[in-house]
**Student:** 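There's a structure below that I have some questions on.
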Amino acid sequence: AYWHGKPKKDLSYIPITIEPEHEMWGKILEFHLNDYYNNPSTYLLAELNMKVYRFEKFLDETPIGRAIPLWMGTGFESSLFGMEQKYTSDKDPWLGREPILKNTKNLDRLSIPDFFKGHIMEKVHAFFLEIKNRIPSDFNVIMPEWCRGPFGLACHLRGMDQITIDMTEDSTFVHDLMKLTTDARKKWSKQRADFMGVPIQVGSLYNDEVNVPMISP
């Protein structure tokens, strides 16, 4: 998620490009992850301190940029559909264990999320406005990207074990669910691009369940 410079030649050390997870950043910079994900002031201070620490301590020529990207946790896309994220002081948030689609008939009740509405997006917009009001005008706050692949999101909404069964027993439902998660990303990404005043970005696929390596043959 971060640009890293090309190390200089003939260095006396071996340059290693790394990016700690937030759990490690919390320990290094002494902030609680529960506050980081729920308090815009804590989030902004942590992000700025990460930039400085990265520049001073990591020997990979990473510059300090003026962008403040918003990251709301690995369960962000699923929370757009109403799934709950769990927060603790020292761990990154993750989804509750109960999938939202316990019954295939509930798919008709699942609506495509809106970039401007719903609990999680209202929180995102509140973060955006408060951080934007606290930083210099030459800094830029960047809205979260939709990073989860359509199948990965479908696995979250239905549950990994159940969607594996569905692929054998109810392929029509799986196709309908995949269409929903795909259409949702397209609509949300268009709304995000319009809000940010940028073209729609090339889609990212962040997680391993995109090609399902955790399900054995």
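Values below: all heavy atoms of this structure, side chains included; hydrogens, waters and symmetry mates excluded.
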**Student:** Taking side chain as C-beta onward, heavy atoms only, is Glu23 less than 4.5 Å from Thr88?
**Tutor:**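 Heavy-atom side-chain distance check fails, nothing below 4.5 Å.
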**Student:** Consider only side-chain heavy atoms of I, L, V, M, F, W and Y, link residues closer than 4.5 Å, and tell whether Met196 and Ile200 are in one cluster.
**Tutor:**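 Hydrophobic grouping puts Met196 apart from Ile200.
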**Student:** Quick check on side chain to side chain contact (heavy atoms under 4.5 Å, CB included): which of Glu56, Lys51, Arg54 does Ile64 satisfy it with?
**Tutor:**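 Checked Glu56, Lys51, Arg54 against Ile64; only one passes side chain to side chain contact (heavy atoms under 4.5 Å, CB included): Lys51.
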**Student:** Determine the interplanar angle of the Phe116 and Phe195 rings, folded into 0 to 90°, and report it as parallel if under 30°, tilted if 30 to 60°, perpendicular if over 60°.
**Tutor:**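 Answer is perpendicular, since the angle exceeds 60°.
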**Student:** In chain order, what residues pass the salt bridge (Lys or Arg N to Asp or Glu O under 4.0 Å) check against Asp183, with sequence neighbours excluded?
**Tutor:** Lys179
**Student:** Thr104 and Gln162: side-chain contact (heavy atoms from CB on, under 4.5 Å), yes or no, with the steps?
**Tutor:** CA-CA 10 Å; Thr104 58; Gln162 190 58 55; over 6 Å; no
**Student:** Please lay out, stage by stage, how Ser41 and Arg134 fare under the test side chain to side chain donor-acceptor pair (under 3.5 Å).
**Tutor:** CA-CA 9 Å; Ser41 298; Arg134 286 175 173 266; 3.2 Å; yes
**Student:** Please round to the nearest 0.5 Å and tell me the distance separating atom CG of Leu70 and atom CG of Leu44.
**Tutor:** 10.0 Å
**Student:** Return yes if some donor-acceptor pair links the side-chain N/O of Glu47 with the main-chain N/O of Ile68 below 3.5 Å, else return no.
**Tutor:** no
**Student:** Which heavy-atom pair separates Met143 from Val124 by the least distance, and what is that distance?
**Tutor:** SD-CG1, 3.3 Å
**Student:** Roughly how far, to the nearest 0.5 Å, is OG1 of Thr164 from CG of Asp166?
**Tutor:**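 That separation rounds to 8.5 Å.
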**Student:** Knowing that exactly one of Trp94, Tyr36, Phe31 qualifies, which makes a ring pair (Phe, Tyr, Trp, His ring centres under 6.0 Å) with His22?
**Tutor:** Tyr36
**Student:** Using 0.5 Å steps for rounding, measure from the NZ atom of Lys91 to the CG atom of Asn34.
**Tutor:** 14.5 Å
**Student:** Would you please name every residue forming a salt bridge (Lys or Arg N to Asp or Glu O under 4.0 Å) with Lys187, sequence neighbours left out?
**Tutor:**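 In terms of salt bridge (Lys or Arg N to Asp or Glu O under 4.0 Å), with neighbours along the sequence ignored, Lys187 is linked to Asp114.
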**Student:** Working to the nearest 0.5 angstrom, can you tell me the gap between Ile100 CD1 and Arg109 CZ?
**Tutor:**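 It comes to 11.0 Å.
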**Student:** Indicate the atoms forming the closest heavy-atom contact of Lys86 with Gly96, along with that distance.
**Tutor:**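 Nearest pair, atom of Lys86 first, then Gly96: CE-CA, 4.0 Å.
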**Student:** Do you reckon Ile165 sits in the same ILVMFWY cluster as Phe151, going by side-chain contacts under 4.5 Å, direct or chained?
**Tutor:**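 Unlinked, Ile165 and Phe151 end up in two clusters.
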**Student:** If two hydrophobic side chains count as joined below 4.5 Å and joins carry through other members, does Tyr43 share a cluster with Leu45?
**Tutor:** no
**Student:** Do Leu129 and Trp71 share a hydrophobic cluster, counting only Ile, Leu, Val, Met, Phe, Trp and Tyr and linking them when any side-chain heavy atoms are less than 4.5 Å apart?
**Tutor:** yes
**Student:** May I have the step-by-step check of side-chain contact (heavy atoms from CB on, under 4.5 Å) for Leu29 and Trp25, ending in yes or no?
**Tutor:** CA-CA 6 Å; Leu29 300 174; Trp25 277 125; 3.8 Å; yes
**Student:** Are the side chain of Arg185 and the backbone of Arg148 linked by a donor-acceptor contact shorter than 3.5 Å?
**Tutor:** yes
**Student:** Do other residues, nucleotides or ligands put more than 12 heavy atoms under 6.0 Å from Lys123 NZ?
**Tutor:** yes
**Student:** Which pair of non-hydrogen atoms, one from Thr181 and one from Leu157, has the smallest distance, and what is that distance?
**Tutor:**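 Residues Thr181 and Leu157, closest heavy atoms: CG2-CD1, 4.2 Å.
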**Student:** Roughly how far, to the nearest 0.5 Å, is CG of Leu153 from OG1 of Thr182?
**Tutor:** 9.0 Å
**Student:** Grab the two heavy atoms, one from Gly159 and one from Pro99, that are nearest each other, plus how far apart they are.
**Tutor:** N-CB, 3.8 Å
**Student:** Assigning hydrophobic clusters by single linkage (Ile, Leu, Val, Met, Phe, Trp, Tyr; side-chain heavy-atom cutoff under 4.5 Å), is Phe55 placed with Ile28?
**Tutor:** no
**Student:** Test Asp90 against His32 for side-chain contact (heavy atoms from CB on, under 4.5 Å), laying out the working first.
**Tutor:** CA-CA 6 Å; Asp90 61 346; His32 288 174; over 6 Å; no
**Student:** Please check if atom NE2 in His125 has more than 12 non-hydrogen atoms from other residues, nucleotides or ligands closer than 6.0 Å.
**Tutor:**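 It does: His125 NE2 has more than 12 such atoms within range.
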**Student:** Specify the closest pair of heavy atoms between Ile112 and Ala184, including all atoms of both residues, with the distance to one decimal.
**Tutor:**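 Heavy-atom minimum between the residues: CG2-CA, 3.6 Å.
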**Student:** To the nearest 0.5 Å, tell me how far Lys132 NZ sits from Asn140 CG.
**Tutor:** 6.0 Å
**Student:** Any pair with a residue in residues 130-150 that passes ring-ring contact (aromatic ring centres under 6.0 Å, His included), sequence neighbours left out, goes on the list, sorted by first then second residue, please.
**Tutor:** Trp146-Trp188
**Student:** Specify the closest pair of heavy atoms between Glu77 and Thr74, including all atoms of both residues, with the distance to one decimal.
**Tutor:**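 In terms of heavy atoms, the two residues are closest at OE1-O, 3.9 Å.
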